[in-house]
**Student:** 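Let me give you the structure first, and then I'll get to my questions.
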Amino acid sequence: MPLVMAISDRLEELRGRLILFAPVFLGIGIGVYFLLRAEPDLTGWAVIGSGAVLTAGLGWWIGRSALAGFGLPFLALAAVLAGLLIAGARTAYVAAPVLDFRYYGPVEGRVIIIDRSQSDAVRLTLDRVRLDDVAPWKVPRRVRVSLHGSQGYLDPVPGMRIAVTAHLSGPEGPVEPGGFDFRRMSWFRGIGAVGYARKPALPLARPEAALPIHRLRAAISEAVQAEIPGEAGAFAAAITTGDRSAMGRETLEALRASNLAHLLAISGLHMGLLVGFVFGSVRLGLVMIPGVGPSMDVRRIAAVVALVAGAFYLALSGGAVSTSRAFVMVAVMLVAILVGRRALTLRAVAVAALILLLIKPETLVEAGFQMSFAATTALVFVFGAFRHVETRRLPGWAKPILAVVLSSLVAGLATAPFSAAIFNRVAHYGLIANVVSVPVMGALVMPLAVLAALLSPVGLSWIALDLMRWPIEWILWVAKRVAALDGAVGHVVAPPAAVMPLVALGGLAIVLLQGGGRGAGVLAVVAGLGLWTQAERPRVLISSSGGLIGVMTPEGRALTKPRGEGFAARTWLENDGDPADQEAAAARHPEGGDARFALPGLVLAQVAGRGAADRLADACPGADLVVFSAKPLERYPAGCSVLDRNMLARTGPIAIHDGPDGPRFVATAETTGLRPWSAAFTKKARRVAPVAPELPFLVADQ
């Protein structure tokens, strides 16, 4: 009994820190929801909801007993179940039609977002969409179209209604089993179709007055770029309005390679710098007014003004996920000032995370949420630990330099695992680039941006913008010089699925727990990173069309064609940690015509292109599996195991791993399961291929 009491007392010590653990367990529940292979039915949701209420009640009841500490595990379980419920409710709330067929024809819609695709084409997101001969209840809520070719008839502006002849299809799923699910991300952003147009888009109506913020955003972006020429103007437009459509690919790549790309995203750094500058300026200005400082709390007034400035910046930037997250974080900190609490605490970070997870639980699995909260949590924890460290012996000029170096180092280390896992690259000189660029961003660029906004009503914004150009040029120069250094970028293999949860939970244990709990956190982080070193990539990857196959060789993955299906090819190579491009990877497979690979326990052939049906019979002898990417045939040669488009419509991309008992096939349909964002495609695939061909290596009827 004494041991039980001791455990209860130890748990009870955590009761005063429940707010710190609430987003952790809520996030675990949300994460579990996204790992499910099937959506719970009404009975399942009823069980989960009842379990949440029951465990919360038990936690409260036990918390009032002599063993109060044992109520906390029940409250934690209730939070996990609540996370499942919240994520499921959000999924149902954002439900909208998804295009489950290929469409070619006229597309009408209102422009709401203008950006650029990975191929550097102007890309428009449209709402209020109309598609020819498609029933209104089947038309997606939003459509995203990339404009290629000559587009001389349209200068897109938010609110403008346009017409364009486009190719559309539903958002693509993962390009390999366990890969990033663009289809899921599109579901939560309301995008039900994506595509491209090669014919000119035409304006149908002037921009509507219903989107004043969007139009103001576009006008400011245009004005900034008119005053600041070149890439510096594009950079200035990106950090003031979130409009990155004018950024060149070379500049973007240099910023990524130098780990300065985060300066473009309107996120915690920009929001913090803007709000901090406004708060400090208003507070200083009020103190300097005779009689004002002693008669009122200028900190609260400055906090209110800064909060309004942050809200306007959020609206102006288009309300992107990263900006919304940043605003919630600074809003929590400013409210803490208003109620007389310290702003930068772990509780403030926890409240911000809790609010975001309640409003948009899908952000948990997005890069921005993971990296920003990793950096913020680590910074608050480390600077809190250094609060009592003696620094009076340091000269005055050294303290801000130490703060910049330490903050860059801490934020870099905290986000490094997430950045490497998401982008498969490590910027080796990112610390140097950030140390010499972030202070310029905070001391010059953002204050001048605020000054430009203040001078704009009297037509003098050009003064601040002209001054703003030079520090931006410095940042871009640093990015290009650092990116040009030998070994500036390292490439890493994609981690196994268990790695990042281990690292994240281990890091949280280090921050939130004490004593043995921190030791367990360190072990979890080490175990996760150790597991990463054992990552193994599939021997073979087959695209969803069968037109692209990638086979691992001693030189790296060899691709069967140098062009086409570029997104899948690029993603495969990035996940391999391979810096080669598609053309270089295709050169590793120099044989022309149909491909044939002799692998351990498997001879794999591919038949593609014109005349594929005539060559199929010659490819079958000696091949264990033939990937046939041409139009499916009604009948295949006897004894020939064929993987065609109908089959791939059911399985999605396929990975083949080496196993102790021979090749092991994994279909993407196995890893994604039947979820709301994939249901339409799964049903369509079953209509296309109601009977799966018999393949000795693959169970396809998922």
Side-chain angles (χ1 to χ4, degrees), residues 217 220-248 251-252 254-256 258-282 284 306 309-310 312-314 316-318 320 322-323 326-327 329-330 372 375 379 400-401 403-405 407-408 411-412 430-456 460-483:
R217 179 188 180 207
I220 292 176
S221 176
E222 184 178 350
V224 168
Q225 293 180 63
E227 189 62 43
I228 305 177
E231 291 295 315
F235 186 100
I239 64 171
T240 53
T241 66
D243 177 16
R244 287 196 255 179
S245 60
M247 293 293 300
T251 302
L252 286 172
L255 290 166
R256 295 188 185 109
S258 59
N259 199 27
L260 293 177
H262 67 94
L263 297 181
L264 281 178
I266 298 180
S267 55
L269 175 65
H270 302 77
M271 189 68 73
L273 292 174
L274 174 84
V275 170
F277 176 74
V278 172
F279 176 82
S281 300
V282 172
L284 180 61
F312 177 75
Y313 194 33
L314 170 66
L316 183 64
S317 66
S322 60
T323 319
F327 176 72
M329 293 180 70
V330 299
S372 67
L379 286 168
I401 295 176
V404 170
V405 173
S407 61
S408 296
L431 177 60
I432 298 173
N434 277 274
V435 166
V436 299
S437 298
V438 171
V440 174
M441 189 79 179
L444 295 174
V445 176
M446 293 308 294
L448 286 170
V450 175
L451 182 60
L454 295 175
L455 294 175
S456 179
L460 297 177
S461 60
W462 60 269
I463 298 174
L465 292 176
D466 283 351
L467 294 173
M468 191 168 127
R469 171 185 175 184
W470 303 109
I472 292 177
E473 293 282 8
W474 163 259
I475 292 172
L476 296 178
W477 180 84
V478 169
K480 293 174 182 177
R481 289 300 298 268
V482 170

**Student:** Taking all heavy atoms of Ile472 and all of Phe235, pick out the closest pair and write down the distance.
**Tutor:**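 Smallest interatomic distance, heavy atoms only, reads CG2-CD2, 3.6 Å.
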**Student:** Tell me whether the count of non-hydrogen atoms from other residues, nucleotides or ligands lying under 6.0 Å of CD in Glu222 goes above 12.
**Tutor:**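 Counting other residues, nucleotides and ligands, CD of Glu222 stays at 12 neighbours or fewer.
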**Student:** If you apply the rule side-chain contact (heavy atoms from CB on, under 4.5 Å), what do you find for Leu263 with Leu255, and how did you get there?
**Tutor:** CA-CA 9 Å; Leu263 297 181; Leu255 290 166; 5.6 Å; no
**Student:** What distance separates Asn259 CG from Ile432 CD1, expressed to the nearest 0.5 Å?
**Tutor:**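 Taking CG in Asn259 and CD1 in Ile432, the distance rounds to 11.5 Å.
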**Student:** Kindly indicate whether the side chain of Val478, heavy atoms from C-beta on, has any atom under 4.5 Å from the side chain of Ile475.
**Tutor:**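 Heavy-atom side-chain distance check fails, nothing below 4.5 Å.
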**Student:** Search all heavy atoms of Val224 against all heavy atoms of Gly233 and return the closest pair with its distance.
**Tutor:**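 In this case the closest contact between Val224 and Gly233 is CG1-O, 4.0 Å.
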**Student:** Measure the spacing between CD1 of Ile463 and CE of Met468 and express it to the nearest 0.5 Å.
**Tutor:**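 CE of Met468 is found 14.5 Å from CD1 of Ile463.
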**Student:** Check Val275 against Gly310 and note the closest heavy-atom contact, atom names and distance.
**Tutor:**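 Heavy atoms only, the tightest pair is CG2-CA, 4.0 Å.
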**Student:** CD of Glu231 to CG of Leu476: how many Å apart, nearest 0.5 Å?
**Tutor:**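 Nearest 0.5 Å value for the CD-CG distance: 7.0 Å.
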**Student:** Could you tell me which non-hydrogen atom of Val278 sits nearest to which non-hydrogen atom of Ala306, and how far apart they are?
**Tutor:**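 Taking every non-hydrogen atom into account, CG1-CA, 3.8 Å.
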**Student:** Give, for atom CG of Leu448 and atom OG1 of Thr240, the distance between the pair rounded to the nearest 0.5 Å.
**Tutor:**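 Here the interatomic distance stands at 12.5 Å.
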**Student:** Calculate, to the nearest 0.5 Å, the distance between atoms CG and CZ belonging to Leu467 and Arg469 respectively.
**Tutor:**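 So the CG of Leu467 and the CZ of Arg469 are separated by 11.5 Å.
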**Student:** Please give me the minimum heavy-atom distance between Ile228 and Leu465, naming the atom from each residue.
**Tutor:**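 In terms of heavy atoms, the two residues are closest at CD1-O, 3.4 Å.
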**Student:** Does any part of the side chain of Arg481, heavy atoms only, come nearer than 4.5 Å to the side chain of Ser258, both counted from C-beta?
**Tutor:**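 When only atoms from C-beta onward are counted, Arg481 and Ser258 do not touch, as no gap falls below 4.5 Å.
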**Student:** If you compare all heavy atoms of Trp474 against all heavy atoms of Val436, which two are closest, and at what distance to 0.1 Å?
**Tutor:**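 Reported closest heavy-atom pair: NE1-O, 3.0 Å.
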**Student:** Please enumerate all residues that pass side-chain hydrogen bond (donor to acceptor under 3.5 Å, both in side chains) together with Gln225, with sequence neighbours excluded.
**Tutor:**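 side-chain hydrogen bond (donor to acceptor under 3.5 Å, both in side chains) check on Gln225 returns Ser221.
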**Student:** With the side chain counted from C-beta on, respond yes when Trp470 and Leu444 share a heavy-atom pair under 4.5 Å apart, and no when they do not.
**Tutor:**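 Trp470 vs Leu444: side chains apart.
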**Student:** Quick one, Met441 and Leu260 - any side-chain contact, counting heavy atoms below 4.5 Å?
**Tutor:**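 No, side chains not in contact.
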